[in-house]
Amino acid sequence: MNAPVEEREFQAETRQLLDLMVHSVYSNKDSFLRELVSNASDALDKVRLAAFQDKDLEVDTSDLHITIERDVENRRLTIRDNGIGMSREDVVGLIGTLARSGTAELRAKLAEAKDAAASADLIGQFGIGFYSTFMVADTVTLVTRKAGESEGTRWRSSGEGTYTIEAVEDAPQGTSVTLDLKPVDTDDHLYDYVSESKIRELVKRYSDFIAWPIRMDVERTERVEAVETESGDGDDDAEPTEKTVVETQTLNSMKALWARPKDEVDAEEYTQFYRHVSHAWDEPLETIALRAEGTFEYQALLFIPSQAPFDLFMRERSHGIHLYVKRVFIMDDCEELIPEYLRFVKGVVDAADLSLNVSREILQQDRQIRAIRRRLTKKVLSTIKDIRTERPDDYTTLWNQFGRAIKEGLIADTDNRDAILGISAFESTHDPETATSLEDYVARMKPNQTEIYYITGESRSAMENSPHMEAFRARGIEVLLLGDPVDEVWTGNVPDFDGKPLRSIAKGEVDLDDDEGKTQEEKDAAEKERAEKEEQFSDLTTWLTETLSDNVSQTRLSTRLIDSPACLVGDTFSFSPQLEKLYRASGQFLPPSKRILELNPDHPLVTALRDARASTKDDESLADTARLLYGMAVIAEGGELDDPAHFAKLLAARLTATV
Ligand SMILES: Nc1ncnc2c1ncn2[C@@H]1O[C@H](COP(=O)(O)OP(=O)(O)OP(=O)(O)O)[C@@H](O)[C@H]1O
């Protein structure tokens, strides 16, 4: 009985991706083999673990391996494993659709990509896994049977929008992927993938460290010595002949890379291993090899990528560390081994003393795992510090890619806070091109400056042009410009760096007047002048607080304004407007907050308003001026008005009166 063959359509985004593969100009087409071998190796890891955890699982794990079969005549290549296999649902879910969470982002980027070369770049960035087969094959056929199940599944596609799927009865356990190869076209980087030497070369280059044997039948020529005849005719020098024998060879050395001394492994081997464990296609920026002996024995091989994965800030993101116990794969995505803020670090940890049966729940409690995590964290942070000192360009790449994630550690990891502050870089008014370290900021502080000043906001220009900045700019005092959403949060948790308090210039009172070197008389005179000014404006400030009472808790004279008439400041411990926005966007309720309105007593608008108040006590149009003044202060700091239409109406009326 023949099982019905069902034809299905790929999802729209999968089709788009396949189209990219089929017509790919990506030059590294060889990588399809690495992807297939990598998937096969994962499947073998999984079946060994499944058999270990479930003794009733009907599965033969006596000779787990990968086979590469070449059919030279038909230009057909098969990669076969006897691993965990897939059920029909798995095939539809994992292979038939692009189930991964980065799809939306990839699609958006594909739409943006201007030409074929830009699309090819995306392949390198996203890592396309199984679909990379369509770069080299006209047709791909996958036959698989899941461990413990009796029925297998055949999936076939030419990458043109549809695939077929059918049940098969006699599939061996595991998965085979057969490629009907495109013709060789070396100009298009399509090589002869049925040639023995090509496959050997690719396995050696990409997959040598794979822990399972990768076997292939190879032809070998054997010399056959001529057999001496007994005829005794004296002709003893019969020519030896040659015969071709086929033998199965293992192509890879299977040496676990993390167990080899660092100086015996070359950079290319590390790169390929990195790509295998991380499913990434970029180069690692740094490789960290660690070994601990003694009570807790373990080896770790970690990589800092050079490119952030698309899911770095997604809820469903993956963690990068695989856990092994004495060379046996236990789990990937082991979040217990590295803190969340270092989730971009990839690699493996091989611990000697854990049970093979270890579960995530046990890991969370395990002292050894906690000790490993502490050590890995410190090692990664100190490595980043070294990169900063020794390879500033690499540090800039690293910080641009991962800085936002690393700064989450300032909130979550209080033990390492100083180390994290020490490796962080921040934009600053000092140099628009280069971010600064806090250490350098401190070195540049004015002689009597005791605090590190910062401002938070949504963009560099909004922060630079904020009224809060005026007095700092006028006095040449450097201010850090913190534009990431996470900056809003950590600045509330970190009191100081190197004993210097961190201080928002948009909160509390600022006193930038340098009293140093002034005589007592001069200080008294300045104080008197301040008190007089406050007296002169006291009617105005009281009235403004009343008139704007929905939004303003207090009105006072400012020492931070030079050009603007007014600005809004928070209490020292209040939320910034951006943080409020973030909280509200995440669905949290926050009561409406009021801020302090600060006036520039030297601005003509403010003095005119004061004088107008003195002559006309209850003019409604003065109240409108107050609302306009408040609205301007909100806009100037890059904030959002509660009722922009009302503001626009007031402004239009005012402009009409003046034209
Ligand atoms: N040989 C195989 N045996 C069992 N399952 C497989 C095999 N090949 C692929 N799969 C399943 O299909 C999924 C998708 O594979 P694919 O290569 O497209 O992506 P991936 O390996 O998860 O990630 P990446 O695209 O980053 O390589 C795998 O995660 C795995 O669950």
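Remember, it's 1-based here, ligands and their atoms both numbered in the order they're listed. Note that the structure is a prediction, hence the values are computed from the model and not measured.
Which parts of ligand 1 touch Glu35 is read off a 4.0 Å heavy-atom cut-off, strictly below it: atoms 27 (O). In the vicinity of Phe130, heavy-atom distances shorter than 4.0 Å reach the ligand 1 atoms 16 (P), 17 (O), 18 (O).
With a heavy-atom cut-off of 4.0 Å, Met86 touches ligand 1 through its side chain alone. Proximity of Val177 to ligand 1, defined as any heavy-atom pair under 4.0 Å, is not found for any part of the residue.
Nearest heavy atom pair, residue Glu149 against residue Ser87, reads OE1-CB, 3.6 Å.
Under a 4.0 Å N-O distance rule, the pair Arg215/Asp63 qualifies as a salt bridge. With respect to the salt-bridge test (charged N to carboxylate O, under 4.0 angstrom), the residues Lys198 and Glu201 qualify.
Distances between N or O atoms of Tyr131 and those of ligand 1 include no value under 3.5 Å.
With sequence neighbours excluded, the residues that form a ring-ring contact (aromatic ring centres under 6.0 Å, His included) with Phe209 are Phe273, His276. Every side chain to side chain contact (heavy atoms under 4.5 Å, CB included) that Glu196 has, sequence neighbours left out, goes to Arg70, Arg200, Met216, Val218.
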